[in-house]
Amino acid sequence: MSQNSEEAAESDDGGMMFRGPANWFTLRIPAGLRLKQTEAFIEIAPQPDRSEPESSDSDGISAVPWSLTLYAAWVEEGEPETDASSFSPTTLFPGVARCRKSASLDIGTTGRAWEGMSVKPAPSWWRRWFRRRQTYEWRLWVVEQHQIIVVASLQSSLGKPLDPETVRTCTELLSSISFAEELARPPELFRREVMALARQYFPLLDIGPAGTFGIRINDSEIHLTNFYRSYLQAPDQLKQIVLPGLTTVVRLQEWGPDQLMPPLDTVAERIMPMLYPDAAADSSLQDFVRVPWVAGLSIMFVLDEDDTYRFVHKALLQTWQTTREELQRLAMENLDRYARDNPLEVTLIGEDGDPRMLVPLKPNAYNSVRLLGDHLNFRLRQMLGAELVVGVPNRDFFVAVSLNHPHLIGQIQQQVVQDFQSMHHPLTSRLLVISADGVSEYCEQ
């Protein structure tokens, strides 16, 4: 195992750079703010003051001084819900009592902005006579960049004004938005592009959509999730990302029985273990050999075909007249030999005599699965301490953190979650712990 050393880059203000949906844009989140993301919305608000009891409004809903909500969408022709005119103060802030246009964001895009105040409607008509009207202030920004629309709304808590410092902070945050030069298409448009590419290169084959996010080439289904994750990182490389996979599927369809069901002695040295998430094991993978491991992961087995690999089908065990245990033993022997022939190059972060973190230098399909081997785990414990925490967000990458630096674990957990959500071949957002007893799931103390 070779190693390099460098310091982790940290920002001066402790803020973070956030990537929007489909990597359409980035923006800077200042320190002291928390971010919550759902499939369609991004909510930014002040960090709660843990020294004070959490307040709530009259309906028992937890209140914060203000919240900033962002919504981003690909504008589809003929879909009015994505049209800029659909986002106006009267539709987003019912009960408008005051409204005027304000300065749009200066980020080199088409945009509009408003500021005003709205009245919260009473829950029932009779309560209007027994309670004062509750108002809140708001700001609204609408930004259009090619096929993307971003809507940002800032809202105060009930009965409270928006102080100038809050407005300035949110305006600066939104002004940090930087759009990608090449905008990735949303999943359904991506699927259409892949089908068009497949029809261009394989015009004689029957090609169509399959499942919720896949395509069918003759009788073979191809799930597009991993292709799409790679495409989001390089949207100008769609052909280079997708075409090799399509070609492999077409080539496999041309194979005969001897290639699809080869004798064990001809492929024994090419059987390798591979980690795979249980949650992703849909019905199409139920017929393949798998062994439960830890943290929602299983060990599966593949035949290495140089430029790709295919999972070992349960039917092959019968053809080979072998057991799952024997297959696992054979795969681990091959992994050990591969590890000896291909030493893992790593980046070691920290001071001499006090290492903090370790990551592989280059991505590789067999990087994370090396954690099944005793040799790597022994070396990691030698370098980082008797116990260490490991994140495995995807197949090609892992990060190991010394328990001598527990303050890093929370930061690593956040990054692992982000990488798990964006990287191709995702494994798990959970953390593992390596000790003398082996590998188990990390439980925060």
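Scope of the values below: all heavy atoms of this structure, side chains included, with no hydrogens, waters or symmetry mates.
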I need the minimum non-hydrogen distance between Trp66 and Cys170, along with the two atoms involved.
CZ3-SG, 3.6 Å
Closest heavy-atom pair, Leu140 versus Ser88, reported as atoms and distance to 0.1 Å, is CD2-C, 3.9 Å
Is Glu325 salt-bridged to Arg329, cutoff N-O under 4.0 Å?
no
What one should report as the nearest heavy-atom pair of Leu246 and Ala198 is CD1-CB, 3.9 Å
Quick one: are Glu43 and Phe41 in side-chain contact, heavy atoms under 4.5 Å?
no
Keeping to residues at least two apart or across chains, list the ring-ring contact (aromatic ring centres under 6.0 Å, His included) pairs with something in residues 400-432.
His405-His407
What pair of heavy atoms forms the shortest contact from Ser402 to Leu384, and how long is it?
OG-O, 2.8 Å
Would you call Phe202 and Thr247 a side-chain contact if the rule is heavy atoms closer than 4.5 Å?
yes
Contact between Ile271 and Val302 at the side-chain level, heavy atoms closer than 4.5 Å - yes or no?
no
Would you say that Leu388 contacts Leu403 through its side chain, given a criterion of any heavy-atom pair below 4.5 Å between the two side chains?
no
Would you name the heavy atoms of Pro360 and Leu344 that are closest together and state the gap between them?
CB-CD1, 4.2 Å
Within the distance-only criterion (no hydrogens, no angle test), does the side chain of Arg229 pair as donor or acceptor with the backbone N or O of Met423 below 3.5 angstrom?
yes
Distance alone, cut at 3.5 Å: any donor-acceptor contact between the side chains of Asn342 and Tyr366?
no
What pairs of residues pass the salt bridge (charged side-chain N to carboxylate O under 4.0 Å, His left out) test when at least one of them lies in residues 167-187, not counting sequence neighbours?
Glu165-Arg168, Arg168-Glu172, Arg185-Glu193
In terms of the angle between their ring planes, are Trp24 and Trp74 parallel, tilted or perpendicular, with boundaries placed at 30° and 60°?
tilted
Taking ring pair (Phe, Tyr, Trp, His ring centres under 6.0 Å) as the test, write out the residues that go with His313, two or more places apart.
Phe288
State, yes or no, whether a side-chain contact exists between Val359 and Phe397 at a heavy-atom distance under 4.5 Å.
yes
Heavy-atom side-chain contact between Pro209 and Met195 under 4.5 Å
yes
